[in-house]
Amino acid sequence: MTNNEDKLKKIISHAKEYGFVFQSSEIYDGLSAVYDYAQNGVELKKNIREAWWKAMVQMNENIVGIDSAIFMHPTIWKASGHVDAFNDPLIDNKDSKKRYRADVLVEDYLAKIEAKIFKEVDKAKKRFGDAFNEEEFLNTNARVLANKEKMEAISKRLYQSLEKNDLEDVKLLIEELEIACPISGSKNWTEVKQFNLMFATQMGSTAEGANEIYLRPETAQGIFVNYLNVQKTGRMKIPFGIAQTGKAFRNEIVARQFIFRMREFEQMEMQFFVRPGQEMQWYEHWKAERMKWHLSLGMNKEDYRFHDHEKLAHYANAAADIEFNFPMGFKELEGIHSRTDFDLKAHEKFTGKKLRYFDPEINESYVPYVVETSIGLDRMFLAVLSSAYNEEVLEDGSERVVLNLPPALAPYKAAILPLIKKDGLPEKAREIMTELQEDFMCHYEEKDAIGKRYRRHDAIGTPYCITVDHESLTDHMVTIRDRDTMQQERVAIADLRTLIFNKIKNKALV
Ligand code: GAP
């Protein structure tokens, strides 16, 4: 097992043990790629959502929010291209009866070649010691160069075939590479078929009169079809944005890696409507703004990078991912897409209604261009959780697991802990709890030794533990312990509110 897989496993079990994320329907042996947020997880998720909403809606006068329904008119998905083009190429192994994404089988094969390159590098590092120049080695070693060339050829062929929808060639490629099913070990494959990712259900009271409708695969279309309503009722002037957060559904075939790829997930999307011709400047603007948001939360800069798309979706003229260094490596966390006027024009065509904007500045009517920012809330949750998770060995040799969450995102801001369960300490602690809970999520706990309670709150990322002892009854002071430094300080009860507020204050969030 690699360290990365190990870290993901630890995060999954920590998330379960400390009430962040549970497998859906666990007592029925679970439902694959569907998860429930537990008592602490729901708070962290809400705080991330609110931080996003504040940055996008509250802080931008020209962006407003909506909350559109999950069910929409089925023709919307025809117009958006999802009925015809929202597909994954699938292949079945006839012996194991297991179904795979054909492109992922080839990508896994490519990852194995890449692993060989890394192995060569490791070997050479050991051989040459300090004199080793990795860049030079990667550009000159014959075996590395041959493997790189092989990777490029395979990936070019795969993407060209997918682009042309030449599924026969994708199958041929799998056969030529002699890719075997990881379960049965056989190379006995079916044809490659396109599989639509949308979930369908019936609307209507009788089966006969029922209409097939879809669970939305993205929240964006709810914004497009409401754009003119919002523009008119909100008297919005271009450029302006519409934001929304909400559930989206995709019948993902390769569903793995915990909450990274789910069948039911939540998106936070914003469509920014601009004058045609100005989309590239707004695309660059939102790329920079979104990256700034991530860093403003206190996330590590080194864990982020941009990945510009070479292969563009059917609706885009430019697209980039913000990638995060998840325990599985750098992967897409957010997408910034210049979607042109594709969606609005398509809705005009399918409805026969004009979706134009009259721009008084240039005295012209046009279908606006759209720049979209789209982030998965669950993926952001995983990014926050994995960067906060730390195992520490303390000076006395003991170990602790701590979530160094940005304080503003932590489920609880403070834990109120009477040192013992008698002598009037619980009553005093309750008084403090009542005082603080109006402003902050606080947790009252009196069970177990104080050290154990500290550890429990370290594990869920509570920035402050407040301990009430016998002296508190007379000097009206308490001991406050900082999660990260574990330093303890004696402070006046009257100062607690300001102290906690200053700790969690983050311009981006509170
Ligand atoms: N409206 C554009 C759109 O939906 P996307 O790249 O397909 O674009 C946007 O999705 C974001 O939604 C991704 O960057 C990712 O964070 C999240 N996302 C997509 N599929 C997901 C899934 N199956 N599980 C969890 N998050 C997902």
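Throughout, numbering of the chain's residues begins at 1 and tracks the sequence. Indexing begins at 1, ligand by ligand and atom by atom, following the structure's order.
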Is Lys10 positioned over the aromatic face of Tyr389, cation under 6.0 angstrom from the ring centre and no more than 45 degrees off axis? no

Aromatic Trp286 / basic Arg290 pairing, under 6.0 angstrom, 45° off normal: no

The atoms of ligand 1 lying under 4.0 Å from a heavy atom of Glu334, numbered in the order shown, are 14 (O)

Under 4.0 Å from one or more heavy atoms of Glu218, ligand 1 contributes atoms 1 (N), 2 (C), 3 (C), 4 (O)

Which value, rounded to the nearest 0.5 Å, describes the distance between Tyr357 atom OH and Lys237 atom NZ? 7.0 Å

Could you check whether any heavy atom of His337 sits closer than 4.0 Å to an atom of ligand 1, since that is the contact criterion I want to use? yes

Below 4.0 Å from any atom of ligand 1, is there a heavy atom belonging to Leu333? yes

Protein contact of atom 17 (C) of ligand 1 - nearest heavy atom, named by residue and atom, plus distance: Gly376 CA, 3.6 Å

Where is the nearest protein heavy atom to atom 9 (C) of ligand 1: which residue, which atom, and how far? Ser374 OG, 3.0 Å

Can the positive tip of Arg379 be found less than 6.0 Å from the middle of the six-membered ring of Phe260, inside 45° of the ring normal? yes

Picking from Lys7, Lys331, Glu332, what satisfies side chain to side chain contact (heavy atoms under 4.5 Å, CB included) with Phe326? Lys331

For ligand 1, is any non-hydrogen atom under 4.0 Å from Arg261's backbone (N, CA, C, O), its side chain (CB onward), both, or neither? both

Looking only at protein heavy atoms, what sits closest to atom 24 (N) of ligand 1 is Met262 N, 2.8 Å

Protein heavy-atom partner closest to atom 18 (N) of ligand 1 - residue, atom, separation in Å: Phe265 CE1, 3.5 Å

Can you tell me how far apart CZ (Phe330) and CG (Asp321) are? Round to the nearest 0.5 Å. 13.0 Å

Atom NZ of Lys413 and atom OG1 of Thr462: how far apart are they, to the nearest 0.5 Å? 9.0 Å

Hey, is CD on Glu168 packed in by over 12 heavy atoms from elsewhere, all under 6.0 Å? no

Please could you name the atoms of ligand 1 that Arg339 approaches to less than 4.0 Å, counting only its heavy atoms? 1 (N), 2 (C)

Looking at the rings of Tyr227 and Phe273, which for Trp means the six-membered one, are their centres under 6.0 Å apart? yes

Tell me, which protein residue and heavy-atom name are nearest atom 15 (C) of ligand 1, and how many Å apart are they? Arg379 NH1, 3.5 Å

To atom 6 (O) of ligand 1, the nearest of Glu332, Met268, Gln267, Arg250 on a heavy-atom basis is Glu332

Does some non-hydrogen atom of Glu264 fall short of 4.0 Å from ligand 1? no

Which heavy atom of the protein is the closest neighbour of atom 25 (C) of ligand 1, given with residue, atom name and distance? Phe260 O, 3.2 Å

protein heavy-atom neighbour closest to atom 2 (C) of ligand 1 works out as Glu372 OE1, 3.1 Å

Quick check on Asp308: does its CG atom have over 12 non-hydrogen neighbours (other residues, nucleotides or ligands) under 6.0 Å away? yes

Ligand 1 to Glu269, heavy atom cutoff 4.0 Å, flagged ligand atoms 1 (N), 2 (C), 3 (C), 4 (O)

